[in-house]
S.K.: 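One structure is given below, represented as structure tokens, and several questions about it will come after.
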Protein chains: 2
Amino acid sequence: MRYNNASKFSPDCSDCPIRHRAVCARCDADELDHLERNKYYRNFQAGQTIVWADDRMEFVGSVVSGVATLTQTMEDGRTQMVGLLLPSDFIGRPDRSTAAYDVVATTDIVMCCFRKKPFEKMIENTPHIAHRLLEMTLDELDAAREWMLVLGRKTAREKIASLLVILARRGKLPEDVNAPVVFDLPLTREAMADYLGLTLETVSRQISALNKDGIIELKIKRNVTVPDIYRLTQEAGDDSDGGYLN
Amino acid sequence: MRYNNASKFSPDCSDCPIRHRAVCARCDADELDHLERNKYYRNFQAGQTIVWADDRMEFVGSVVSGVATLTQTMEDGRTQMVGLLLPSDFIGRPDRSTAAYDVVATTDIVMCCFRKKPFEKMIENTPHIAHRLLEMTLDELDAAREWMLVLGRKTAREKIASLLVILARRGKLPEDVNAPVVFDLPLTREAMADYLGLTLETVSRQISALNKDGIIELKIKRNVTVPDIYRLTQEAGDDSDGGYLN
DNA sequence: TCTGTACATTGACCTGGATCAAGAAAGATA
DNA sequence: TATCTTTCTTGATCCAGGTCAATGTACAGA
């Protein structure tokens, strides 16, 4: 459904640890070749669960396109998103046989995967990749801890803004720092609420408020193309409400 | 001041990555020896800041005794604790020159330290230590994410209970699972509040409530010894309020 | 074009925890 | 012993965000 960029399928694993190959002469070339040959792509539909918490997880991989979430759920149904996986983000942890969280595709998503066993073998033989993996894990740890500040101490409005900043940073930023930023909002209100430790109603109200305050602007409706909009410019401009922030 | 266990100074770095030596025949023994010879101990008093966020950090180390916290502070003073360092916990991150958070001793504390440079060198030469470090970082990441659920979705009472469980788990648990657990509470109400995303008043009220509900029990006052208590049993039992959970 | 489903918005009301404000205990100092 | 400081407790009040409920909108399928 909706937000679907599976079209840019051409695999761009630009931040995949494997790519490290380009800059490392000391690693085991055969090993890397072997891995490169054994990578494969998997598609998931929006809403589909990629891995269930505590299930065996036989692969590692990175997001090529689309968005997924890491989610924790309590017995009574309360859920907290603990991670957001955007293109180039890595998923899976060497030396852990089971997943720690539910991984759910929130949009159609393409992942670049490796079977875990050979990947672990490669880590052993190519210390620089292990090093890169440690670095990535430390980054994730920093992000998690920064999010603890958001969850523990920020107001609803600040929480929304924090999320918007994260998403904006991951899009292509405009050259001019002062130019307005445009980016996709590939999450439902509920998903945002789960990330922010709020209810979906509060998220909705805060977004409306930010909109009313002129801080964020409405976006083009999902399946409306640029030509569609352009056509509107030829009509009498009566129905001025151009679109919706999804 | 108060909670001071610097007395058990005898260095017990039982979970220090260096200890890995005992189980690894493949690592560079000279390197390990060199590091072992170059470890040193540092003492900090309760309240003292061990490292300031963004300051250069020239060492890594682990807690021998005492408790420290990792804290993030916003410009307006709101603070969120993002990590709790108990004995055997590791601090410092290879390849990062500056600290990401304030590290503050909440009790008198003894740390076992290594200068960062040689430590990093050792990591390069002893892949198994790098591996162990990745494992430790993944554990921290799990802990941080579990804490996100606590901060985002739990009630004040549940938050307190979550903290108590963490502290209880780190103490020596009784053989009998059903026996009551006894452990130190080496944090002020304010520190707990900062960890839990609450105010200190709420923490105080909730602890009083848990106490009233018979879920937690009062503990012996800090500087009262067992003989002191015993002496009380000889008096007329009028002043029955035996002590305080502090 | 109608219908059903999934999301999003908005309103009315309630409540858990924050805020403000005294006091009381613990512990240090003298 | 009295005094000062820091920490903890408790009460009174407030309000941000939760809860419950109704309505609107997007869009797929028939």
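Note that this is a predicted model, so its numbers are computed, not measured. Every chain is numbered from 1, with letters handed out A, B, ... down the list of sequences.
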S.K.: Can you measure A:Glu190 atom CD to C:dA6 atom P for me and round it to whole angstrom units?
M.R.: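 Interatomic distance, CD of A:Glu190 to P of C:dA6: 12 Å.
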
S.K.: For the backbone of A:Val67 and the side chain of A:Thr107, can you confirm whether one donor and one acceptor N or O come within less than 3.5 Å of each other?
M.R.: yes

S.K.: So among B:Leu196, B:Leu84, B:Asp142, which one has a side-chain contact (heavy atoms from CB on, under 4.5 Å) with B:Trp147?
M.R.: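 Result for side-chain contact (heavy atoms from CB on, under 4.5 Å) with B:Trp147: B:Leu196.
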
S.K.: In whole angstrom, what separates A:Leu151's CG from D:dG17's C1'?
M.R.: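 To the nearest whole Å, that distance equals 15 Å.
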
S.K.: Please confirm whether the shortest side-chain N or O distance from A:Ser208 to OP1 or OP2 of C:dT10 is below 4.0 Å.
M.R.: yes

S.K.: Would you say the side-chain atoms of B:Arg153 pair up with the backbone N or O of A:Leu198, donor to acceptor, closer than 3.5 Å?
M.R.: yes

S.K.: Rounded to the nearest Å, what distance is computed from the CG atom of residue A:Asp194 to the P atom of nucleotide C:dA8?
M.R.: 12 Å

S.K.: Once you round it to whole Å, what is the distance between C1' of C:dA8 and CG of A:Asn211?
M.R.: 13 Å

S.K.: Distance check needed: C:dA8 P versus A:Ile160 CD1, whole Å only.
M.R.: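 In whole Å, C:dA8 P lies 12 Å from A:Ile160 CD1.
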
S.K.: Does A:Gln80 use its side chain to pair, donor to acceptor, with the backbone of A:Tyr195 at less than 3.5 Å?
M.R.: yes

S.K.: Decide yes or no on side-chain contact (heavy atoms from CB on, under 4.5 Å) for A:Arg78 and B:Glu158, but give the supporting numbers first.
M.R.: CA-CA 13 Å; A:Arg78 280 178 282 177; B:Glu158 290 170 332; 2.8 Å; yes

S.K.: Measure from CG on A:Leu196 to P on D:dG17 and round the result to the nearest Å.
M.R.: 11 Å

S.K.: Atom CD1 of A:Ile207 and atom P of C:dC7: how far apart are they, to the nearest Å?
M.R.: 15 Å

S.K.: Return the polar atom pairs (N/O with N/O) between nucleotides 17-19 of chain C and the protein under 3.5 Å, or none.
M.R.:
{"from": "C:dG17", "atom 1": "OP1", "to": "B:Ala156", "atom 2": "N", "distance (Å)": "2.8"}
{"from": "C:dA18", "atom 1": "OP2", "to": "B:Thr199", "atom 2": "N", "distance (Å)": "3.4"}
{"from": "C:dA18", "atom 1": "OP2", "to": "B:Thr199", "atom 2": "OG1", "distance (Å)": "3.0"}
{"from": "C:dA18", "atom 1": "OP2", "to": "B:Thr202", "atom 2": "OG1", "distance (Å)": "2.4"}
{"from": "C:dT19", "atom 1": "O4", "to": "B:Arg205", "atom 2": "NH2", "distance (Å)": "2.8"}

S.K.: What is the distance, rounded to the nearest whole Å, between atom CZ of A:Arg189 and atom P of D:dG18?
M.R.: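 After rounding, the gap between these two atoms is 15 Å.
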
S.K.: Carefully, step by step, assess A:Arg93 and B:Asp139 under the rule salt bridge (charged side-chain N to carboxylate O under 4.0 Å, His left out).
M.R.: CA-CA 11 Å; A:Arg93 18 185 62 193; B:Asp139 285 342; over 6 Å; no

